[in-house]
Amino acid sequence: VQLQASGGGLVQAGGSLRLSCSASGRTFSNYAMGWFRQAPGKEREFVAVVSGSGASTPYADSVKGRFTISRDNAKNTVYLQMNSPKPEDTAVYYCAAAPWVTMVEGRYDYWGRGTQVTVSS
C-alpha cells in the first residue's frame, strides 16, 4: 500500500484544517487507517484510527471532540478534520495502514510521508 498525505499548512488556533491521505496498491477497505503525529523533540504519537468499514473511530484523548477521522473507500482516501486546533497540535502528521484497528504504532505496516501542520496562537 502506498500512502500520500496532504493538506497540511499554517492555521490559526481555533480555525480548521482538513488532512487527506490517498492510498493505492491494495484493497483499501481491508485496512484500518490511522493518523499519527510527531512534534519537534518528541516521539511520534497516535492521533486517531478508523476501521475498514468506518464504523469504529478511536481517538487520542488530546484530540477527542476536536478532530474527526473519516474515510471514503470509493476514493481510497482517509481524512482528518481538525477543528479548533491548538498550538500544541503543531507537528508532522502521518497516515498509516494496519490490518486491524490499533493505537500501537508498531502494528502499522505501511506509512506515508508526513505533512506539516503548524498552528499559530
Side-chain angles (χ1 to χ4, degrees):
V1 177
Q2 290 79 47
L3 303 174
Q4 179 64 53
S6 62
L10 177 65
V11 61
Q12 284 193 329
S16 64
L17 192 69
R18 188 176 79 162
L19 306 183
S20 300
C21 175
S22 60
S24 62
R26 294 204 178 185
T27 305
F28 180 66
S29 59
N30 286 349
Y31 291 89
M33 297 297 299
W35 285 97
F36 288 76
R37 66 186 182 185
Q38 187 168 22
K42 295 187 176 181
E43 293 187 352
R44 190 155 58 184
E45 65 176 4
F46 168 79
V47 175
V49 59
V50 58
S51 61
S53 67
S56 177
T57 55
Y59 294 90
D61 288 344
S62 59
V63 306
K64 200 174 295 183
R66 299 187 299 120
F67 292 7
T68 302
I69 190 170
S70 62
R71 66 190 296 158
D72 185 337
N73 287 341
K75 296 182 178 179
N76 286 3
T77 302
V78 61
Y79 305 97
L80 185 70
Q81 179 68 41
M82 303 172 63
N83 293 332
S84 300
K86 304 174 182 179
E88 52 262 44
D89 294 320
T90 295
V92 177
Y93 283 71
Y94 299 88
C95 60
W100 54 76
V101 171
T102 177
M103 300 180 184
V104 178
E105 179 179 344
R107 294 179 180 168
Y108 283 77
D109 297 324
Y110 304 97
W111 292 84
R113 291 186 176 183
T115 185
Q116 175 72 46
V117 173
T118 302
V119 184
S120 64
S121 56

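Computation of the quantities below employed the complete heavy-atom set of this structure, encompassing side-chain atoms and omitting hydrogens, waters and symmetry-equivalent molecules.
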From CA spacing to verdict: side chain to side chain contact (heavy atoms under 4.5 Å, CB included), Leu10, Gln116: CA-CA 8 Å; Leu10 177 65; Gln116 175 72 46; over 6 Å; no

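- Minimum interatomic distance between Arg107 and Pro99 (heavy atoms only, all atoms of both residues): O-CD, 3.8 Å.
- Sorted by first and then second residue, the salt bridge (charged side-chain N to carboxylate O under 4.0 Å, His left out) pairs with a member in residues 86-105 read Arg37-Asp89, Arg44-Glu105, Arg66-Asp89; sequence neighbours excluded.
- Side-chain contact between Thr115 and Ser6: absent, with no pair of heavy atoms (C-beta onward) separated by less than 4.5 Å.
- For Ser51, the side-chain contact (heavy atoms from CB on, under 4.5 Å) partners two or more places apart in sequence, or in a different chain, are Ser53, Ala55, Ser56, Val101.
- Cluster note: Met82 groups with Val1, Leu3, Val11, Leu17, Leu19, Phe28, Tyr31, Met33, Trp35, Val47, Val50, Tyr59, Val63, Phe67, Ile69, Val78, Leu80, Tyr93, Tyr110, Val117, Val119 through ILVMFWY side-chain heavy atoms spaced under 4.5 Å, whether in direct contact or through intervening members.
- Side-chain contact check for Thr102 versus Tyr108: some heavy-atom pair is nearer than 4.5 Å.
- The line from SG of Cys21 to CG of Asn76 is 10.5 Å long, rounded to the nearest 0.5 Å.
- With sequence neighbours left out, Gln2 forms a side-chain contact (heavy atoms from CB on, under 4.5 Å) with Ser24.
- Closest approach of Ala91 to Ala39, counting heavy atoms only: CB-N, 3.8 Å.
- Every salt bridge (charged side-chain N to carboxylate O under 4.0 Å, His left out) that Lys64 has, sequence neighbours left out, goes to Asp61.
- Taking CZ from Arg71 and SG from Cys95, the interatomic distance works out to 11.0 Å, rounded to the nearest 0.5 Å.
- Other residues, nucleotides and ligands contribute at most 12 non-hydrogen atoms within 6.0 Å of the CD atom of Gln12.
- Here Tyr79 sits alone; no ILVMFWY side chain lies under 4.5 Å from its own, so it joins no hydrophobic cluster.
- Put simply, the side chain of Tyr94 never gets that close to the backbone of Ala5: no donor and acceptor are under 3.5 Å apart.
- The two atoms that bring Pro58 and Phe46 nearest to each other are O-CZ, 3.7 Å, heavy atoms only.
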